Amino acid sequence: LNPIQRKKKPKRRSTGVVNLEMDDPRSEESADENVPLATNQTPQELKKSNLKSQNGDIDYKKLWEESQTENSKLKSEMSSIRSDLDTTRQQLESAIQASTKNSISDSEKREKKMLEKKLSEMEDELKTLEQLKADNQRLRDENGALIRVISKLSK
């Protein structure tokens, strides 16, 4: 036994899981206890152990079948995502068209208001013009009458 007990440095695994093994002189562990049980294995280790055939070789047929099933799942998921994308695009286009119609109708409303205002101004000018024409005709008639009176007086 060592007079000074120290902790061993943790062993880092590629999965990011850290195993700490401590030397404790009071409890002696057998080598079999350090081997992880099937329930403690990571999913990758389980997959690798399942892919090995009885003689220890990798079962490529099983690996291929699993990749095919995964590919089919991914394809179906991708097709559903694409259909969702298409429906979302259609909704976006309809929303854009609706907003464009609203903006067009807003500009048409503004233009209509401007035209109505211009029309009312022109009607007012037309009334003023008719009054001026009537006044002008009246003044011409008075002028003619005055000219006749002056000509009679001058005879």
Side-chain angles (χ1 to χ4, degrees), residues 1-140:
L1 293 177
N2 290 340
I4 299 174
Q5 306 271 323
R6 292 194 304 174
K7 291 182 182 178
K8 286 188 176 178
K9 290 185 180 180
K11 291 183 181 177
R12 294 191 180 242
R13 295 177 33 193
S14 63
T15 59
V17 177
V18 178
N19 283 339
L20 290 176
E21 295 180 10
M22 298 179 62
D23 283 341
D24 192 359
R26 289 172 266 143
S27 66
E28 293 188 18
E29 298 179 29
S30 66
D32 292 336
E33 289 178 359
N34 290 335
V35 175
L37 297 174
T39 58
N40 294 338
Q41 290 180 336
T42 64
Q44 290 175 341
E45 291 171 346
L46 283 173
K47 202 178 252 187
K48 285 180 183 177
S49 65
N50 289 340
L51 291 176
K52 292 186 179 181
S53 63
Q54 292 176 356
N55 61 2
D57 294 333
I58 296 177
D59 191 359
Y60 290 106
K61 182 178 179 183
K62 193 171 187 179
L63 181 64
W64 180 80
E65 288 172 351
E66 286 181 1
S67 68
Q68 291 299 315
T69 57
E70 186 176 350
N71 284 344
S72 64
K73 287 178 188 177
L74 290 174
K75 283 180 183 178
S76 64
E77 185 179 337
M78 189 170 73
S79 66
S80 67
I81 289 173
R82 281 188 177 162
S83 65
D84 290 346
L85 178 65
D86 289 339
T87 57
T88 306
R89 280 184 181 161
Q90 290 173 352
Q91 290 173 352
L92 178 63
E93 287 176 4
S94 64
I96 288 173
Q97 288 175 355
S99 67
T100 304
K101 286 180 182 178
N102 289 341
S103 65
I104 289 174
S105 64
D106 289 344
S107 63
E108 287 176 351
K109 287 178 184 177
R110 280 186 247 120
E111 187 176 342
K112 185 177 179 181
K113 285 181 182 179
M114 287 176 26
L115 288 175
E116 287 176 350
K117 185 178 178 183
K118 212 173 199 181
L119 180 65
S120 65
E121 288 176 358
M122 291 177 107
E123 287 174 348
D124 291 342
E125 287 179 11
L126 185 61
K127 287 179 185 176
T128 308
L129 183 62
E130 289 174 359
Q131 287 177 351
L132 288 175
K133 282 184 178 180
D135 286 346
N136 196 8
Q137 186 61 38
R138 185 184 50 83
L139 288 174
R140 281 185 187 155

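The shown structure was predicted, so the numbers you read here are calculated from the model rather than taken from an experiment. What you see below is based on every heavy atom in this structure, not just the backbone, and it leaves out hydrogens, waters and symmetry mates.
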Point to revise | Test side-chain contact (heavy atoms from CB on, under 4.5 Å) applied to Gln137 and Arg140, step by step | key: CA-CA 5 Å; Gln137 186 61 38; Arg140 281 185 187 155; 4.0 Å; yes
Which distance, rounded to the nearest 0.5 Å, do you find between the [atom1] of [X] and the [atom2] of [Y]?
{"X": "Gln90", "Y": "Leu85", "atom1": "CD", "atom2": "CG", "value": "10.0 Å"}
{"X": "Ile96", "Y": "Leu92", "atom1": "CD1", "atom2": "CG", "value": "4.0 Å"}
{"X": "Gln91", "Y": "Ser94", "atom1": "CD", "atom2": "OG", "value": "6.5 Å"}
{"X": "Leu132", "Y": "Leu139", "atom1": "CG", "atom2": "CG", "value": "10.5 Å"}
{"X": "Lys127", "Y": "Glu125", "atom1": "NZ", "atom2": "CD", "value": "12.5 Å"}
{"X": "Glu77", "Y": "Glu70", "atom1": "CD", "atom2": "CD", "value": "10.5 Å"}

Review point. Can you name the residues that form a side chain to side chain donor-acceptor pair (under 3.5 Å) with Arg89, not counting sequence neighbours?
Key: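 In terms of side chain to side chain donor-acceptor pair (under 3.5 Å), with neighbours along the sequence ignored, Arg89 is linked to no residue.
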Review point. Between Thr69 and Glu65, is any pair of side-chain heavy atoms under 4.5 Å apart?
Key: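 No. Closest side-chain heavy atoms not under 4.5 Å.
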Check your understanding: Do other residues, nucleotides or ligands put more than 12 heavy atoms under 6.0 Å from the CD atom of Glu121?
Key ->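 Yes.
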